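Down below is the structure, laid out as structure tokens.
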Amino acid sequence: QRLALYDGFCLRRRRACIRLRVVDGIPYVLDMFPGYQSRHRSILHALWRVLVRFGPLPNLEVTIDVTDGELQNIDLPILVITHKKE
């Protein structure tokens, strides 16, 4: 039931979220909703640099939350890019 929350996470939130899939070393952005300032572009740029430098990644799908701290206590397999909670 936890994974049901994960499926379609970005589409339900419609803000500050990126869902990325890598298949045979090729990255595909499945969902992207801009987040805090230009954080979503920095994340995509960093992922591109990893692909270029280290070669093809294994097949994977990842969801990255780029809000400004809304999901710091979430219990899902989601990467959260934000500042430290004060």
Side-chain angles (χ1 to χ4, degrees):
Q1 193 171 28
R2 245 181 75 212
L3 291 179
L5 289 171
Y6 183 65
D7 189 35
F9 182 82
C10 287
L11 285 174
R12 283 194 307 277
R13 288 183 49 100
R14 293 209 165 279
R15 70 183 197 303
C17 194
I18 300 169
R19 189 166 63 115
L20 178 85
R21 181 179 292 155
V22 176
V23 179
D24 297 327
I26 301 170
Y28 299 92
V29 176
L30 303 175
D31 300 314
M32 184 174 81
F33 299 97
Y36 180 73
Q37 294 181 359
S38 61
R39 195 173 287 159
H40 62 289
R41 286 192 303 262
S42 336
I43 297 305
L44 290 174
H45 184 244
L47 290 168
W48 178 254
R49 287 180 20 218
V50 166
L51 286 167
V52 168
R53 178 165 182 166
F54 298 108
L57 292 175
N59 292 348
L60 64 94
E61 185 171 322
V62 64
T63 299
I64 304 168
D65 174 73
V66 292
T67 61
D68 198 24
E70 293 177 19
L71 298 177
Q72 290 187 9
N73 298 319
I74 195 164
D75 186 28
L76 289 172
I78 295 174
L79 300 174
V80 178
I81 310 299
T82 186
H83 58 80
K84 287 176 92 173
K85 191 173 183 178
E86 301 289 335

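Only this structure's heavy atoms are used, side chains among them; waters, hydrogens and symmetry mates stay out. None of these values were measured; they are calculated from a predicted model.
When every heavy atom of Asp65 is checked against every heavy atom of Ala16, the shortest pair comes out as OD1-O, 3.3 Å.
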Quiz prompt | Chi angles and distances behind the side-chain contact (heavy atoms from CB on, under 4.5 Å) call for Ile64, Leu20 | solution = CA-CA 8 Å; Ile64 304 168; Leu20 178 85; 5.6 Å; no
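Legend: salt bridge (Lys or Arg N to Asp or Glu O under 4.0 Å) pairs involving residues 46-55, not counting sequence neighbours: none detected.
Under the 4.5 Å side-chain contact rule for hydrophobic residues, Ile43 and Phe33 do not share a cluster. Under the 4.5 Å side-chain heavy-atom criterion for ILVMFWY residues, a single connected hydrophobic cluster contains both Trp48 and Val66.
Distance check: His40 NE2 to Arg15 CZ gives 15.0 Å after rounding to the nearest 0.5 Å.
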Please tabulate, for the side chains in residues 22-31, all donor-acceptor contacts under 3.5 angstrom to protein atoms that are two or more places apart in sequence or on a different chain.
from  : atom 1 : to    : atom 2 : distance (Å)
Asp31 : OD2    : Arg19 : NE     : 2.8
Asp31 : OD2    : Arg19 : NH2    : 3.3

